[in-house]
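Working notes, structure below.
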Amino acid sequence: MATVSTARRIVIKIGSALLVDRVSGALRDAWLGSLIEDVAWLRRKGAEVVLVSSGSIALGRAELGLGNAELSLEQSQAAAAVGQIRLAGAYEAALKSHGIKAAQVLLTLEDSENRRRYLNTRATLDQLLRLGVVPIVNENDTVATDEIRYGDNDRMAAQVAVTAGADQLILLSDVDGFYSANPNDDPTAKRFDEITAITPEIEAMAGDAGSGLSKGGMKTKLMAARTAMAAGCDMAISEGSVSNPVQAIEGGAPVTWFRGQGDPQARRKAWIGGMKPRGRIIVDAGAVAALEAGSSLLPAGVSAIEGRFGRGDPVQVRAQDGRVLGQGLTRYDAEEAAKILGLRTDAIAEALGYAARGALIHRDDMAF
């Protein structure tokens, strides 16, 4: 069975209550340092790591002296703007002490619901990870309104895990797993070590308990689990206040694992293959051979474009004899694709007048 140390690409979500002291509103530097030690440990084992961090509003609230009263939308956005600088700086400094570069990625719900933005986010995260950078992801609270907010970082972390193609998601929280009832109210509540399916009975057990600084209760964690599991990603809920919380999981600390349904990449390919195509791309024999060998589809191998489609739309890929090879998400719209049809990669930028994206369909976005 997979463990934390075997993860290939892992997303770790950090709740506000772990990162920010409840009383003073100050950053818990020692705890953050221990978490980054865990990140360095994971990277030494060959894993790529994405951190989804709450805390910007909590840090900004203290910095601005806004107290503990409920904030208006405008006050929350102002607090987030102040807190995001402090949060990013703290992560950058902690990672730098281990020779690791950090990047800040701010997202809203629209970025996962809009296919073009989704692809942009996926490409950016993938490139950062390939360059050895640790992305620090947070909801863009400074501009998001209620209509375009995730509303909690548990669900956002699950979406980031899906977008990044992660095989594991860890929710570091103020509880040590999923219980049959709220353990604070029911001493007979049982913690589950592993859940392989979210049944109506499991859903009925989820309460609304949450800490003062975090917005996510167990229901949102269950929603996150459903998203992750459907994409083939294992998800863990673990109590994160201890030092080195990720290594603690590896050492046998209490945790609930929600097991993903299949391989993340295979699930993604199945999702792409099940979409209704918006157009067709006809490729030559050389491209057929390259695709069958596992390569991306380059414009040089394209002989014809059919239909009207936008960037990020699913398109069918066919050989010149009419044989359907598969389906993929295109990185160019139909007009752009027609302009670069048959061109070598180094000629694309001149034809379009702006920097090229390379492949017309990346191999990770192709289902055969």
Side-chain angles (χ1 to χ4, degrees), residues 11-39 49-98 100-111 128 133-157 160 171-175 210-217 220 239-246:
V11 174
I12 304 171
K13 181 262 180 179
I14 302 102
S16 293
L18 300 175
L19 198 60
V20 181
D21 185 87
R22 293 172 179 271
V23 178
S24 67
L27 192 72
R28 298 180 64 214
D29 293 299
W31 182 87
L32 177 59
S34 78
L35 172 69
I36 301 307
E37 287 176 0
D38 286 351
V39 173
V49 184
V50 179
L51 300 179
V52 176
S53 180
S54 303
S56 61
I57 292 178
L59 286 173
R61 173 198 288 268
E63 185 75 14
L64 296 172
L66 294 175
N68 294 320
E70 185 174 350
L71 303 180
S72 67
L73 174 61
E74 292 78 10
Q75 287 176 320
S76 293
Q77 290 175 325
V82 172
Q84 279 170 0
I85 292 177
R86 294 195 60 203
L87 191 64
Y91 275 112
E92 181 182 34
L95 287 163
K96 189 175 182 180
S97 68
H98 291 271
I100 304 171
K101 292 181 173 62
Q104 185 180 50
V105 179
L106 300 176
L107 300 176
T108 67
L109 185 60
E110 280 187 340
D111 297 317
L128 286 170
V133 178
V134 172
I136 314 298
V137 183
N138 199 353
E139 185 151 21
N140 195 355
D141 291 308
T142 59
V143 300
T145 61
D146 287 341
E147 298 82 43
I148 60 171
R149 295 190 75 251
Y150 284 94
D152 67 84
N153 275 3
D154 292 328
R155 285 187 295 167
M156 187 176 77
V160 169
L171 303 185
L172 294 178
S173 185
D174 48 6
V175 293
S211 65
L213 284 179
S214 69
K215 292 185 177 180
T220 65
E239 204 282 318
S241 63
V242 298
S243 294
N244 303 106
V246 180

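Below, all heavy atoms of this structure are taken into account, side chains as well, without hydrogens, waters or symmetry copies.
Taking all atoms of both residues into account, the shortest heavy-atom contact from R155 to T220 is CG-O, 3.9 Å. Among all heavy-atom pairs drawn from L59 and G25, the shortest one is CD2-O, 3.8 Å. Nearest heavy atom pair, residue A80 against residue I57, reads CB-CG1, 3.8 Å. Between S16 and G55, the closest heavy-atom pair is OG-N, 3.2 Å. Between L18 and S241, the shortest heavy-atom distance links the atoms CD2-N, 3.5 Å. Of all heavy-atom pairs between A157 and V11, the closest is O-CG1, 4.1 Å.
Using a 4.5 Å heavy-atom cutoff, the side chains of R61 and L71 are in contact. Contact of the V50 side chain with the I12 side chain is not registered, since no non-hydrogen atoms from C-beta on lie closer than 4.5 Å. Taking 4.5 Å as the limit, some side-chain heavy atom of Y91 sits within range of a side-chain heavy atom of I14. A heavy-atom distance below 4.5 Å is not found between the side chains of P135 and L51. Between V20 and R28, every side-chain heavy-atom pair lies at or beyond the 4.5 Å cut-off. At least one side-chain heavy atom of V137 sits less than 4.5 Å from a side-chain heavy atom of L107. Under the 4.5 Å side-chain criterion, counting only non-hydrogen atoms from C-beta, L35 is in contact with P245.
Around CG of L64, the count of heavy atoms belonging to other residues, nucleotides or ligands within 6.0 Å exceeds 12. Under a cut-off of 6.0 angstrom, the local environment of CD in E92 is sparse, with at most 12 non-hydrogen atoms contributed by other residues, nucleotides or ligands.
A side-chain N or O of N138 and one of S56 form a donor-acceptor pair less than 3.5 Å apart. Remark: the S54 side chain and the N153 side chain contain an N/O donor-acceptor pair separated by less than 3.5 Å.
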Side chain to side chain contact (heavy atoms under 4.5 Å, CB included) assessment of Q104 paired with Q84: CA-CA 9 Å; Q104 185 180 50; Q84 279 170 0; 4.0 Å; yes
Derivation of the side chain to side chain contact (heavy atoms under 4.5 Å, CB included) call for K13 and L172: CA-CA 6 Å; K13 181 262 180 179; L172 294 178; over 6 Å; no
Pair L73-Q77, side chain to side chain contact (heavy atoms under 4.5 Å, CB included): steps then yes or no: CA-CA 6 Å; L73 174 61; Q77 290 175 325; 3.9 Å; yes
V39 and V134: CA distance, side-chain angles, deciding distance, side chain to side chain contact (heavy atoms under 4.5 Å, CB included) verdict: CA-CA 9 Å; V39 173; V134 172; 4.1 Å; yes
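Using a distance-only test at 3.5 Å, with no hydrogens or angles considered, no donor-acceptor pair links the side chain of S24 to the main chain of D21.
To the nearest 0.5 angstrom, E37 atom CD is 5.0 Å from H98 atom NE2. For the atom pair L95 CG and L32 CG, the distance stands at 8.0 Å (nearest 0.5 Å).
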